[in-house]
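Residue numbers run from 1 in the order of the sequence given.
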Amino acid sequence: MDKKPFSFDTIRNFDNHISSSIMGYDILHLLLINISSFFIKKNTNIVDLGCTSGKLIKSLKSAYHCTGTGYDITDANFIDNDGDLIKADITSKGFELPKSDLIFCIFTLQFIDYEKRLDLLKKVSSALSGSGAFVFCEKEICSDGVIQEVFTFSNYEYKKNVFTEAEILQKEYDLRSIMTPLQTAQNVELLRKAGFTKIEPFFQSLNFKGYICRK
């Protein structure tokens, strides 16, 4: 029997899954909430591109009593959806972003075809207010092969707390055909081409890195 291709639709309790896959993810989530306090203003509608479960939107609405809209290619993982989570292909030409002071893209761009990334980032830049921020997180590839091995196998050791070695290996095979991470310089180049002039890292755990970007 042919193996079914990997799909995020098949993951149950996605938030626990990603927390068990990325060391420090729970700290990152808290940082995202803290950072948001500097950019959320009256009537701010936050946007999350690739929201998966919608946990971040829910957390921010609870913390700051703001509104939020999350977009994802599948609605299989949506939690407590009261209309703020929308199933949509954010790479389609017809996709339009609402104006916002704060836009997130957390470990999403790496799953989008490289040729479509710049167009999406340009839409983000256009939708973002002049005083707003784009918060962007990605898994990145190291420029040094030795350090890449250190990061990769350190992450494997962390995953072994929850997953079996067979599960870890299978996930690597599954993701190989749908995920294309870039080096730091490549991501920064895309962000600059999209119109972001201020790009500062605020989080790193091995090869998982987060940036605050402004125009």
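Side-chain atoms of Leu32 and Val135, non-hydrogen and from C-beta on, do get closer than 4.5 Å to each other. Using a 4.5 Å cut-off on side-chain heavy atoms (C-beta onward), Phe107 and Phe208 make contact.
A distance-only check finds a donor-acceptor pair linking the side chain of Asp144 to the backbone of Ile147 [under 3.5 Å]. The backbone N or O of Thr197 sits nowhere less than 3.5 Å from a side-chain atom of Arg214 that would complete a donor-acceptor pair. Lys209 places no side-chain N or O within 3.5 Å of a backbone atom of Pro201 that could act as its donor or acceptor partner. Under the 3.5 Å distance criterion, the side-chain polar atoms of Ser126 are matched with a main-chain donor or acceptor of Lys122. A side-chain donor-acceptor contact under 3.5 Å links Ser37 to the backbone of Asn34. Side-chain atoms of Lys159 never come within 3.5 Å of backbone atoms of Ile22 as a donor-acceptor pair (strictly under, hydrogens ignored). Proximity of a side-chain donor or acceptor of Asp72 to a complementary backbone N or O of Ser53 within less than 3.5 Å is not detected. In this structure, Gln110 contributes its side chain and Met179 its backbone to no donor-acceptor pair below 3.5 Å. The main-chain N or O of Leu49 is found under 3.5 Å from a side-chain atom of Thr108 such that the two form a donor-acceptor pair. With Tyr64 contributing its side chain and Ile33 its backbone, the two residues share a donor-acceptor pair below 3.5 Å.
Of all heavy-atom pairs between Val162 and Ser20, the closest is CG2-OG, 3.6 Å. Across all their heavy atoms, Leu28 and Phe202 have their closest contact at CD1-CE1, 3.8 Å. Across all their heavy atoms, Phe39 and Gly132 have their closest contact at CD2-C, 4.2 Å.
When only modelled atom types and interatomic distance are considered, Asn77 and Thr52 share no side-chain donor-acceptor pair under 3.5 Å. Under the 3.5 Å distance criterion, with hydrogens and angles disregarded, a donor-acceptor pair is assigned to the side chains of Glu140 and Thr184. When only modelled atom types and interatomic distance are considered, Lys41 and Ser131 share a side-chain donor-acceptor pair under 3.5 Å. Side-chain contact of Asp101 with Ser129: a donor-acceptor pair under 3.5 Å is present, judged by distance alone. When only modelled atom types and interatomic distance are considered, Asn45 and Thr67 share a side-chain donor-acceptor pair under 3.5 Å.
If you take NZ on Lys55 and OG on Ser59, they are separated by 6.0 Å, rounding to the nearest 0.5 Å. Summarising the geometry, atom CG belonging to Asp48 is positioned 9.0 Å from atom CG belonging to Leu85; distances are rounded to the nearest 0.5 Å. For the atom pair OH (Tyr173) and CD1 (Ile168), the distance works out to 14.0 Å, reported to the nearest 0.5 Å. With rounding to the nearest 0.5 Å, the separation of CG in Leu56 from SG in Cys51 is 9.0 Å.
Ring to ring, Phe196 and Phe134 are close: their centroids are under 6.0 angstrom apart. Aromatic ring centroids of His17 and Phe163 lie under 6.0 Å apart.
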Intermediate values then yes/no, side-chain contact (heavy atoms from CB on, under 4.5 Å), Arg117 and Thr180: CA-CA 11 Å; Arg117 298 183 193 187; Thr180 308; 3.5 Å; yes
Yes or no on side-chain contact (heavy atoms from CB on, under 4.5 Å) for Asp119 and Thr91, after CA distance, side-chain angles and deciding distance? CA-CA 8 Å; Asp119 285 343; Thr91 68; over 6 Å; no
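Checked for salt-bridge contact, Glu172 and Arg176 miss the test: no charged N lies under 4.0 Å from a carboxylate O.
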